[in-house]
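Written below as structure tokens is the structure these notes are about.
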There are 2 protein chains.
Amino acid sequence: MINDLSQELELLHERVCPALGDTTRMRLLYALADKPCSVNELVEALALPQSTVSRHLSVLRNRRLVLTQRQGTAVIYTLKSKKLLEAMDMLRDILREQIQDENELASKLDLQPNLEANP
Amino acid sequence: MINDLSQELELLHERVCPALGDTTRMRLLYALADKPCSVNELVEALALPQSTVSRHLSVLRNRRLVLTQRQGTAVIYTLKSKKLLEAMDMLRDILREQIQDENELASKLDLQPNLEANP
DNA sequence: TATATATATCCGCTTATCCGCATAAAAGGA
DNA sequence: TCCTTTTATGCGGATAAGCGGATATATATA
């Protein structure tokens with residue numbers, strides 16, 4: 001419908017992009033980028049209730065962004081694709097560029113960066 | 001708080017990632033990846049009401065993902081960073097991997113891919 | 001100033017999403 | 001089997017996000 005993005009890709013985009021839109025899920029992905037983790041490890045790392053962590057993990061799994069593997073009673077979550085890591089690194093770079101831009105702007109105008117989290 | 005992701009980066013992540021989480025905004029970004037566009041051009045390309053397009057564009061602008069520039073009465077929107085494009089390409093690759101995986105799985109098991117859009 | 005064009009914003013409404021307690025389900029050990 | 005540990009899910013409530021018509025704002029031109 002738009003550009004050369006096929007309908008199939010667009011459908012899948014609807015599946016993946018919203019998964020990345022949640023900050024908690026983003027933090028989970030960053031944690032998993034370090035190493036595979038059990039739910040409990042993630043609960044401790046993020047300091048969130050277990051039900052919250054589990055639910056977000058299930059979203060990531062349903063969207064095929066992470067893989068799971070049982071180890072006794074524990075479930076180990078792993079990032080599925082290296083490319084997801086690369087994409088996340090790219091996002092970090094974008095963020096760093098933003099920080100730089102805003103610091104420059106702030107020092108030029110002698111103003112606070114004035115960023116609205118939610119316009 | 002999590003890994004080596006500094007607090008500042010985490011705050012910015014909260015600003016950028018949710019912006020990418022909406023399908024309409026994703027389509028806008030893809031359209032702008034082709035070439036800078038006015039609001040009207042985007043309205044026609046996406047076949048959405050003007051107010052809807054404008055609102056999403058303002059989100060993207062507030063999150064510093066696009067730049068604007070007036071041309072007479074029109075406002076031209078441009079992708080701000082090349083890296084955003086690269087990150088989007090990376091996401092496409094991930095999606096293509098998913099498609100491949102699921103097709104293989106489906107042919108092996110003689111099943112429908114069975115993907116839930118919303119777990 | 002009046003009119004036209006293009007964009008941004010206001011508003012009410014609907015829907016989706018997130019949260020976390022409580023509880024179910026899965027696996028292992030006594 | 002009973003108990004423990006670990007993870008997943010049902011549920012209700014609160015919040016956020018999206019939608020789109022109507023309207024305001026900005027710019028250009030006559």
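Excluded from the calculations below are hydrogen atoms, water molecules and symmetry mates; all remaining heavy atoms, backbone and side chain alike, are included. By convention in this document, chain letters (A, B, ...) are assigned in the order of the sequence lines, proteins followed by strands, and residues within each chain are numbered from 1.
Following rounding to the nearest Å, L60(B) (CG) and dT7(C) (P) show an atom-to-atom distance of 16 Å. One interatomic measurement links the two molecules: CD of Q69(B) to C1' of dT7(C), which rounds to 15 Å at whole-angstrom precision.
For V75(A), the listed nucleotide lying nearest its side chain is dT7(D); candidates were dC19(C), dT7(C), dT7(D).
For dC19(D), the OP1/OP2 oxygens have a side-chain nitrogen or oxygen of T24(B) closer than 4.0 Å. In this structure, N40(A) does not reach the dT5(D) phosphate: none of its side-chain N or O atoms is under 4.0 Å from OP1 or OP2. Note on Y77(B): a side-chain N or O is less than 4.0 Å away from OP1 or OP2 of dA8(C). Between H56(B) and the phosphate of dC19(D), there is a side-chain N or O to OP1/OP2 separation shorter than 4.0 Å.
In this entry dT3(C) has dA28(D) as its Watson-Crick or G-U wobble partner, both defining distances falling under 3.5 Å.
Partner of L32(A) under the side chain to side chain contact (heavy atoms under 4.5 Å, CB included) criterion, out of L42(A), L65(A), T78(A): L42(A) alone.
Under a 4.0 Å N-O distance rule, the pair E97(B)/K80(A) does not qualify as a salt bridge.
Across all non-hydrogen atoms, the minimal contact from R63(A) to Q98(B) is O-NE2, 2.8 Å.
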Each nucleotide of nucleotides 20-28 of chain D classed B (base within 4.0 Å of a protein heavy atom), S (only sugar-phosphate) or -, in 5' to 3' order, makes BBB---SBS
